[in-house]
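Worksheet: one structure, shown below.
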Amino acid sequence: ILFIGNTRLGDAILSTCILNHFENKNVEVTVICSPLSKEIYKNFSIVKNIISIIKKKKGKHWIEAYRALDSQVWDLIIDLRNTIISRLIRKKKVIRFGKTNKKEHRVISMCKLIKLNKICSPKIPITKNNHKKALLTLQKNNLMNPVLAIAPITNWHRKNWPLNNYAKLINKLIDSKADIKSVIILGSYNEREECEDLKKKIRIKTVVNYAGKVDIIQIYAILRNCKMFIGNDSGLMHLAAVSGIKTLGLFGPSKVENYSPWGDQAYFIRTTKTYDDLVLTKTYSRHDNSNLMKSLSVEKVYKKVMKII
């Protein structure tokens, strides 16, 4: 099987529902994906080869992929990106992810793509070594349970809940009956300074900024040892949800019906303004600097957290 996976972290995590369906079957899978999403796919036992592609000008990365893949006839191609590659290379059967129900969650859409009779949930396998390293990391930083995980930054500034709101919420939870002893802050290397700013505003000493310091699988293993995650709609939110811990996603200019966190312990809360109110307006611009999350109050999020925790 050739699996043309997603480049973005969140989509890659949700797409693991397909690999989980095949996990106990007698198949071998080659995955094409981005360097970031490679971390999500690498521990599946059925994944025998990963071709990590870095985007190049004029689609040259697809030429390289074609050369690597056209030496055989594929039994099945699952193309989640609807690419030219799945049209050019030799295959017996191909399934492409195209138009979907706009009101349907992406996990359901992907399960329907491979014609499953029941929903297969996303899940990421980790090794015993991953788990051991996560515990050692928490111990090394003297983090006491219960641990609250926070991911305050996304790759789009307009859907970031304000840092001051995160600080107020965390301090309010520390002072309440939420029983939070430690806080970890998650993000990419480019987000480390903003995460450090948040760290300085939190009123306990047991706070660690992991932004840019650990890889995705290690973050996943660490999350499995946390009590709860709170963050914007992002790849890290989906990572927390599939880890099985209580997860609260904060939504504004993105669609809950398609991308809410998936799982028995997954919850969401959104701005007072709907997606249509925020995005489907004449004055809307993706590149505007104004924040679209301001109508979500600290008190509203706090009440939701206290119901969940």
Cluster question for you: counting only ILVMFWY and a side-chain heavy-atom cut-off of under 4.5 Å, with indirect links fine, are L173 and Y166 together?
-> yes
Between G5 and R81 the two heavy atoms that sit nearest each other are O-CD, 3.2 Å
Is the number of heavy atoms from other residues, nucleotides or ligands within 6.0 Å of NZ (K201) greater than 12?
-> yes
Answer yes if V183 and I222 sit in the same cluster of Ile, Leu, Val, Met, Phe, Trp and Tyr residues linked by side chain heavy atoms under 4.5 Å apart, and no otherwise.
-> no
D175 and R203: salt bridge (charged side-chain N to carboxylate O under 4.0 Å, His left out), yes or no, with the steps?
-> CA-CA 9 Å; D175 294 340; R203 293 198 301 263; 2.4 Å; yes
Measure the CD1-CG distance between I150 and N209 for me, rounded to the nearest 0.5 Å.
-> 12.5 Å
Electrostatic pair D75:K91 at N-O distance under 4.0 angstrom = no
With no hydrogens and no angle check, is any side-chain donor or acceptor of N291 less than 3.5 Å from a backbone partner on N160?
-> yes
Donor-acceptor pair, N171 side chain versus A167 backbone, under 3.5 Å?
-> yes
With side chains defined as the heavy atoms from C-beta onward, is the minimum distance between E194 and I153 less than 4.5 Å?
-> yes
Can V242 and Y220 be said to form a side-chain contact (heavy atoms from CB on, under 4.5 Å), step by step?
-> CA-CA 9 Å; V242 298; Y220 179 66; 3.7 Å; yes
Spell out, as yes or no, whether a donor-acceptor pair under 3.5 Å connects the side chain of N101 to the backbone of K103.
-> yes
Look at the side chain of E28 and the backbone N and O of I46, then say whether any donor-acceptor pair between them is shorter than 3.5 Å.
-> no
How about I124 and N43: do any of their side-chain heavy atoms sit closer than 4.5 Å?
-> no
Any chance you could lay out the side-chain contact (heavy atoms from CB on, under 4.5 Å) test for S121 and N20, step after step, and finish with the verdict?
-> CA-CA 8 Å; S121 289; N20 276 309; over 6 Å; no
Are the side chain of H21 and the backbone of T16 linked by a donor-acceptor contact shorter than 3.5 Å?
-> no
Taking the six-membered ring of W74, is the NZ or CZ of R90 close enough (under 6.0 Å from the centre) and on axis enough (within 45°)?
-> no
Between H61 and K56, is there a donor-acceptor pair closer than 3.5 Å when you use the side chain of the first and the backbone of the second?
-> yes
So, for A241 and W262, which heavy atoms are closest and what is the spacing to 0.1 Å?
-> CB-O, 3.5 Å
K294, NZ atom: more than 12 neighbouring heavy atoms under 6.0 Å = no
Side chains of K172 and E299: does their closest heavy-atom pair fall under 4.5 Å?
-> yes
Is the backbone of N232 close enough, under 3.5 Å, to the side chain of S234 for a donor and an acceptor to pair up by distance?
-> yes
F44 ring center near F22 ring center (under 6.0 Å) | no
Would you name the heavy atoms of C226 and A149 that are closest together and state the gap between them?
-> SG-CB, 4.1 Å
Donor-acceptor contact below 3.5 Å, side chain N165 vs main chain W161 = no
State whether the number of non-hydrogen atoms from other residues, nucleotides or ligands found under 6.0 Å of I54 atom CD1 is greater than 12.
-> no
Is the number of heavy atoms from other residues, nucleotides or ligands within 6.0 Å of NZ (K181) greater than 12?
-> yes
Only residue of T30, L2, V31 satisfying side chain to side chain contact (heavy atoms under 4.5 Å, CB included) with N49 is T30
R87 side chain vs T83 backbone, donor-acceptor pair below 3.5 Å = yes
NZ on K123 to CD1 on I126, rounded to 0.5 Å | 10.0 Å
Is the shortest heavy-atom distance from the side chain of L9 to the side chain of H238 under 4.5 Å?
-> no
Between L250 and D233, does a side-chain contact (heavy atoms from CB on, under 4.5 Å) hold up when you go through it step by step?
-> CA-CA 6 Å; L250 312 183; D233 167 32; over 6 Å; no
Does a donor on one side chain sit under 3.5 Å from an acceptor on the other, for N141 and Y210?
-> yes
Could you go step by step and tell me if D288 and S290 meet the side chain to side chain donor-acceptor pair (under 3.5 Å) rule?
-> CA-CA 6 Å; D288 195 294; S290 63; 3.0 Å; yes
Hey, what do you get for CD1 (I32) to CG (N6), rounding to the nearest 0.5 Å?
-> 12.5 Å
Determine, using the 4.5 Å side-chain heavy-atom cutoff (strictly less than), whether I230 and I170 are members of one ILVMFWY cluster.
-> yes
Do M228 and I245 have side-chain heavy atoms sitting under 4.5 Å apart?
-> no
Ignoring hydrogens and angles, tell me if any N or O in the side chain of S295 forms a donor-acceptor pair with the backbone of T272 under 3.5 Å.
-> yes
Over 12 non-hydrogen atoms of neighbours within 6.0 angstrom of NZ in K133 = no
Tightest non-hydrogen contact, residues E104 and N258, listed as O-ND2, 2.8 Å
Just wondering, are more than 12 heavy atoms of other shown residues or ligands nearer than 6.0 Å to CG in L88?
-> yes
Does L236 belong to the same Ile/Leu/Val/Met/Phe/Trp/Tyr cluster as V305, with side-chain heavy atoms less than 4.5 Å apart forming each link?
-> no
Mind checking whether I184 and V147 have side chains closer than 4.5 Å, heavy atoms only?
-> yes
Without hydrogens or angle criteria, can the side chains of N190 and S188 be said to hold a donor-acceptor pair below 3.5 Å?
-> no
Donor on one side chain, acceptor on other, Y267 and S260, under 3.5 Å = no
How about L248 and F229: do any of their side-chain heavy atoms sit closer than 4.5 Å?
-> no
CD1-CD distance between I185 and E191, expressed to the nearest 0.5 angstrom | 12.0 Å
Is the count of non-hydrogen atoms from other residues, nucleotides or ligands lying under 6.0 Å from K38 atom NZ greater than 12?
-> no
Taking atom types as modelled, is there a side-chain donor on S37 or R8 under 3.5 Å from an acceptor on the other?
-> no
Which atom names give the shortest non-hydrogen contact between I40 and A12, and what distance separates them?
-> CG2-O, 3.9 Å
Which atom pair, heavy atoms only, marks the closest approach of P122 to L14?
-> CG-O, 3.8 Å
Do R270 and V256 have side chains that get closer than 4.5 Å, going by heavy atoms?
-> yes
Separation between CD1 of I309 and NZ of K227, rounded to the nearest 0.5 Å = 4.5 Å
Once you round to the nearest 0.5 Å, how far does CG of L80 lie from CG of D11?
-> 9.0 Å
If you count the non-hydrogen atoms of other residues, nucleotides and ligands that lie under 6.0 Å from CG in D276, is the total more than 12?
-> yes
Have E23 and S45 got a donor and an acceptor in their side chains that come within less than 3.5 Å?
-> yes
Would N225 and L138 count as a side-chain contact (heavy atoms from CB on, under 4.5 Å) if you check the C-alpha gap in whole Å, the side-chain angles of each, and the deciding distance to 0.1 Å?
-> CA-CA 9 Å; N225 292 279; L138 292 170; 3.6 Å; yes
If Ile, Leu, Val, Met, Phe, Trp and Tyr residues are connected whenever their side-chain heavy atoms lie under 4.5 Å apart, and connections chain through other members, are Y275 and M293 in the same group?
-> no
